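Have a look at the structure below before the remarks.
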Amino acid sequence: MTTTRAGGVSKPPFATFNLGDHVGDDPVAVAANRRRLAATVGLRPDGIVWMNQVHSSHVEVVDGPREIVDDTDGLVTATPLLALAVVTADCVPVLMADARAAVIAAVHAGRVGAQNGIVARAVETMVDAGAHVEDVSVLLGPAVSGRNYEVPAQMAAEVESMLPGSRTTTRRGTPGLDLRAGIAAQLRSLGVRSIDVDPRCTVEDKNLFSHRRDAPTGRLASLVWLEPGP
């Protein structure tokens with residue numbers, strides 16, 4: 001699942017359901033929003049694991065509640081009712097699950113992390129935890145679309161060399177990046193068969209936070225968790 005801007009207590013420019021604790025918002029408001037999120041989805045207040053995201057290629061396995069996991073951009077768990085959260089405002093939230101093996105992952109895939117293999121590293125970590133690539137289902141959540149992600153031509157070429165399929169042209173006819181297209185291509189090359197892409201562009205959809213459109217602004221949260229087995 002992915003949240004929207006609505007339903008929280010944060011004041012402008014973070015109005016209202018900001019779930020990022022690193023953007024300058026009142027920490028009391030962020031904590032209240034996070035508690036509200038946990039209650040809304042039926043989890044304990046400590047049932048969501050949050051990351052201190054740093055645009056790395058580091059993935060960490062968690063097996064119980066953690067206040068926050070520092071310096072990582074991917075989480076993997078096999079623990080039921082332990083939600084993994086990624087916060088974004090244009091970067092790609094990647095949610096993955098092997099329901100048969102009961103292994104899940106949440107990944108923050110910005111340009112740097114995606115280029116440096118954070119998604120492939122998360123798949124590898126899931127397999128190490130017992131998942132099978134052919135059974136993994138993936139959701140690429142709302143993010144800036146290629147038509148709105150303008151970058152210098154050299155940057156587009158550099159990312160394309162590491163993440164084939166990501167280079168594109170913006171609506172203005174300039175060099176751009178479609179990270180979700182590149183990530184989807186990478187996942188297919190790894191053997192992942194089930195890939196869904198949320199069609200929403202964070203820049204275009206005013207119900208979503210977008211750093212490129214509104215900085216400073218808040219952050220959306222995308223969550224994945226395992227329900228207990230029978």
Side-chain angles (χ1 to χ4, degrees), residues 1-5 20 23 51 53-59 73-74 86-97 105-124 126 133 136-224:
M1 66 156 292
T2 298
T3 62
T4 66
R5 297 184 66 139
V23 295
M51 294 182 278
Q53 300 164 183
V54 291
H55 295 276
S56 69
S57 58
H58 180 68
V59 177
D73 288 87
V86 51
V87 296
T88 58
D90 287 329
C91 295
V92 184
V94 184
L95 304 179
M96 301 191 282
V107 178
H108 167 246
R111 175 182 58 82
V112 174
Q115 178 180 349
N116 290 330
I118 181 66
V119 176
R121 180 72 186 107
V123 172
E124 179 183 327
M126 290 181 70
V133 172
V136 172
S137 297
V138 179
L139 173 65
L140 305 181
V144 58
S145 62
R147 59 187 174 272
N148 291 305
Y149 192 0
E150 182 178 358
V151 297
Q154 181 177 351
M155 180 181 291
E158 289 174 354
V159 176
E160 176 69 17
S161 69
M162 301 292 289
L163 190 68
S166 57
R167 183 169 52 189
T168 190
T169 301
T170 69
R171 63 171 71 244
R172 297 173 52 196
T174 54
L177 290 172
D178 185 341
L179 293 181
R180 288 184 289 188
I183 291 168
Q186 181 182 62
L187 286 166
R188 286 191 294 269
S189 75
L190 294 172
V192 177
R193 300 170 182 169
S194 177
I195 304 168
D196 290 318
V197 181
D198 189 309
R200 291 175 293 176
C201 171
T202 47
V203 171
E204 295 175 355
D205 192 333
K206 297 296 181 66
N207 295 313
L208 306 175
F209 291 114
S210 170
H211 180 77
R212 294 180 73 87
R213 184 187 67 226
D214 292 331
T217 192
R219 297 295 185 270
L220 312 167
S222 297
L223 274 66
V224 59

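This one's a predicted model, so the numbers in the text were calculated from it and none came from an experiment.
- Applying the salt bridge (Lys or Arg N to Asp or Glu O under 4.0 Å) criterion to Glu150, with sequence neighbours excluded, gives Arg172.
- For the side-chain contact (heavy atoms from CB on, under 4.5 Å) criterion with Leu95, the lone passing option out of Val86, Val138, Asp198 is Val86.
- In this structure a side-chain-to-backbone donor-acceptor pair under 3.5 Å is missing from Gln115 to Met162.
- Expressed to the nearest 0.5 Å, how far CG of Asp205 lies from OG of Ser145 amounts to 11.0 Å.
- Among all heavy-atom pairs drawn from Val203 and Ser210, the shortest one is CG2-OG, 3.5 Å.
- Here the side chain of Thr170 pairs a donor or acceptor atom with the backbone of Thr174 at under 3.5 angstrom.
- Nearest heavy atoms, Ala109 versus Ile183: CB-CD1, 3.7 Å.
- With sequence neighbours excluded, the residues forming a salt bridge (Lys or Arg N to Asp or Glu O under 4.0 Å) with Asp214 are Arg5, listed by chain and number.
- In this structure a side-chain-to-backbone donor-acceptor pair under 3.5 Å is missing from Gln186 to Pro164.
- Atom OG of Ser56 sits about 11.0 Å away from atom CZ of Arg121, to the nearest 0.5 Å.
- Contact annotation: the side chain of His108 never approaches that of Val87 to less than 4.5 Å [non-hydrogen atoms, C-beta and beyond].
- A distance of 5.5 Å separates CD1 in Ile195 from CZ in Arg188, rounded to the nearest 0.5 Å.
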*Checking side chain to side chain contact (heavy atoms under 4.5 Å, CB included) for the pair Leu187/Val123: CA distance, chi angles, key distance, verdict?*
CA-CA 9 Å; Leu187 286 166; Val123 172; 3.9 Å; yes
*Let me see the working for Cys91 and His55 under side chain to side chain contact (heavy atoms under 4.5 Å, CB included), right down to the final yes or no.*
CA-CA 10 Å; Cys91 295; His55 295 276; 3.9 Å; yes
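- With sequence neighbours excluded, the residues satisfying salt bridge (Lys or Arg N to Asp or Glu O under 4.0 Å) with Glu204 are Arg147, Arg171.
- Paired with Asp90 under the rule side-chain contact (heavy atoms from CB on, under 4.5 Å), one option of Val144, Leu220, Thr217 passes, and it is Val144.
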*Assess whether side chain to side chain contact (heavy atoms under 4.5 Å, CB included) is satisfied between Val159 and Gln154, documenting all intermediate values.*
CA-CA 9 Å; Val159 176; Gln154 181 177 351; over 6 Å; no
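- At least one donor-acceptor pair under 3.5 Å links the side chain of Glu160 to the backbone N or O of Ser166.
- Residue Ala105 comes nearest to Val224 through the heavy atom pair O-CG1, 3.5 Å, listed as atom of the first residue, atom of the second, then distance.
- Dense packing is recorded around NE2 of His58, with more than 12 heavy atoms of other residues, nucleotides or ligands lying under 6.0 Å away.
- Remark: side-chain polar atoms of Arg213 are paired, donor with acceptor, to backbone N or O of Thr202 under 3.5 angstrom.
- To the nearest 0.5 angstrom, Arg111 atom CZ is 9.5 Å from Asn116 atom CG.
- When every heavy atom of Gly176 is checked against every heavy atom of Ala156, the shortest pair comes out as O-CB, 4.1 Å.
- Rounded to the nearest 0.5 angstrom, Met96 CE and Ser194 OG are separated by 12.5 Å.
- Here CG of Asn148 is found 12.5 Å from CG of Leu177. Values are rounded to the nearest 0.5 Å.
- In terms of modelled atom types and a separation under 3.5 Å, the side chain of Thr2 and the main chain of Gly141 share no donor-acceptor contact.
- In terms of heavy-atom proximity, Pro93 sits nearest to Pro142 at CD-O, 3.3 Å.
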*Should Asp73 and Val107 be marked as a side chain to side chain contact (heavy atoms under 4.5 Å, CB included) after you check the CA-CA gap, both sets of side-chain angles, and the distance that decides it?*
CA-CA 6 Å; Asp73 288 87; Val107 178; 5.6 Å; no
